[in-house]
Amino acid sequence: MSLDPAIAARLKRTADGLVPAVVQQYDTGEVLMLAWMDDEALHRTLTTGRATYWSRSRRSYWVKGATSGHAQHVKSVALDCDGDTLLVKVDQVGAACHTGDRTCFDADVLTVTPA
């Protein structure tokens, strides 16, 4: 099977066929990470309830937590108004970041100095 054609028609993909997926903890709103999906990864995510992404570096699919145990159980997926970004709300088990941090945004917070 493949991605529902009605959903596929709404997606605006990058030149390499990908859509960014912002991943958020469903109950707290905490932003966990950014990953990439193509049509197949989105189809797998929607039909299995397990977050599946396309790894640009490995050039392969990966199910979050398949090797680390830090799984993402998908609660919902939404497409933004332009069709060029996905919001994936998950129940995160353990760390979301490959560094072992809870989120990929924990380690390097930048200082904002308003003008």
Side-chain angles (χ1 to χ4, degrees):
M1 293 189 75
S2 60
L3 185 63
D4 180 327
I7 297 170
R10 296 176 58 201
L11 294 176
K12 293 181 185 169
R13 301 161 190 83
T14 63
D16 50 358
L18 301 174
V19 177
V22 175
V23 184
Q24 183 179 41
Q25 176 64 34
Y26 83 100
D27 54 354
T28 66
E30 178 182 32
V31 177
L32 301 171
M33 57 184 272
L34 173 78
W36 295 90
M37 291 184 171
D38 65 2
D39 288 23
E40 179 62 23
L42 180 55
H43 170 71
R44 291 181 188 187
T45 297
L46 293 172
T47 57
T48 67
R50 294 289 305 273
T52 304
Y53 305 108
W54 175 255
S55 171
R56 296 178 301 164
S57 60
R58 292 180 295 222
R59 313 258 339 130
S60 63
Y61 295 102
W62 57 283
V63 177
K64 182 68 175 164
T67 57
S68 68
H70 298 168
Q72 292 178 341
H73 303 284
V74 178
K75 298 295 187 178
S76 68
V77 179
L79 186 59
D80 81 335
C81 59
D82 295 322
D84 62 1
T85 305
L86 297 164
L87 177 61
V88 182
K89 293 188 178 185
V90 303
D91 189 10
Q92 177 69 48
V93 176
C97 189
H98 69 278
T99 64
D101 285 337
R102 169 71 181 162
T103 85
C104 292
F105 301 100
D106 284 346
D108 198 12
V109 177
L110 305 177
T111 302
V112 176
T113 310

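The analysis underlying the following values was restricted to heavy atoms, covering all of them including side chains, and did not include hydrogens, waters or symmetry mates. Positions are given from 1 along the sequence. Predicted model, so just to flag it, every value in this text is computed and none were measured.
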**Item:** Non-neighbouring partners of S60 that pass side-chain contact (heavy atoms from CB on, under 4.5 Å), sequence neighbours left out
**Value:** R58
**Prompt:** Going from CD on E30 to CD on Q24, what distance comes out if it is rounded to the nearest 0.5 angstrom?
**Reply:** 9.5 Å
**NE2-NZ distance between H70 and K64, expressed to the nearest 0.5 angstrom** = 8.0 Å
**Message:** Within the 4.5 Å heavy-atom criterion, are S2 and H43 side-chain neighbours or not?
**Reply:** no
**Request:** Report the distance from atom NZ of K75 to atom CD of Q25, rounding to the nearest 0.5 Å.
**Result:** 9.0 Å
**Request:** Output, in order, the C-alpha distance, side-chain angles, deciding distance and verdict of side chain to side chain contact (heavy atoms under 4.5 Å, CB included) for Q92 and T103.
**Result:** CA-CA 10 Å; Q92 177 69 48; T103 85; over 6 Å; no
**Request:** Measure the spacing between CG of D84 and CG of L18 and express it to the nearest 0.5 Å.
**Result:** 13.0 Å
**Message:** Through direct or indirect side-chain contacts below 4.5 angstrom among Ile, Leu, Val, Met, Phe, Trp and Tyr, which residues connect to L86?
**Reply:** L3, I7, L11, V19, V23, L32, M33, M37, L42, L46, Y53, W62, V74, V77, L79, V88, V90
Exercise answer: donor-acceptor pairs, residues 107-115 side-chain atoms, under 3.5 Å, sequence neighbours excluded:
none

**Request:** Apply side-chain hydrogen bond (donor to acceptor under 3.5 Å, both in side chains) to T14 and list each qualifying residue two or more places apart in sequence or on a separate chain.
**Result:** D16
**Request:** With rounding to the nearest 0.5 Å, note down the distance linking OG1 in T48 to NE2 in H73.
**Result:** 11.0 Å
**Qualifying residues under side-chain hydrogen bond (donor to acceptor under 3.5 Å, both in side chains), relative to Y61, sequence neighbours excluded** = D38
**Complete:** Scanning both residues in full, the closest heavy-atom pair of G94 with R102 reads O-NH1, 3.3 Å
**Item:** Minimum side-chain heavy-atom gap D39-R13 below 4.5 Å
**Value:** yes
**Message:** Taking transitive links into account, so neighbours of neighbours count too, which hydrophobic residues share a cluster with L34 at under 4.5 Å side-chain distance?
**Reply:** V22, V31, L87, F105
**Message:** Show the nearest heavy-atom pair for residues A71 and R50, with the distance to one decimal.
**Reply:** CB-NH2, 3.5 Å
**Item:** Rounded distance [0.5 Å steps], CD in E40 versus OG1 in T45
**Value:** 9.5 Å
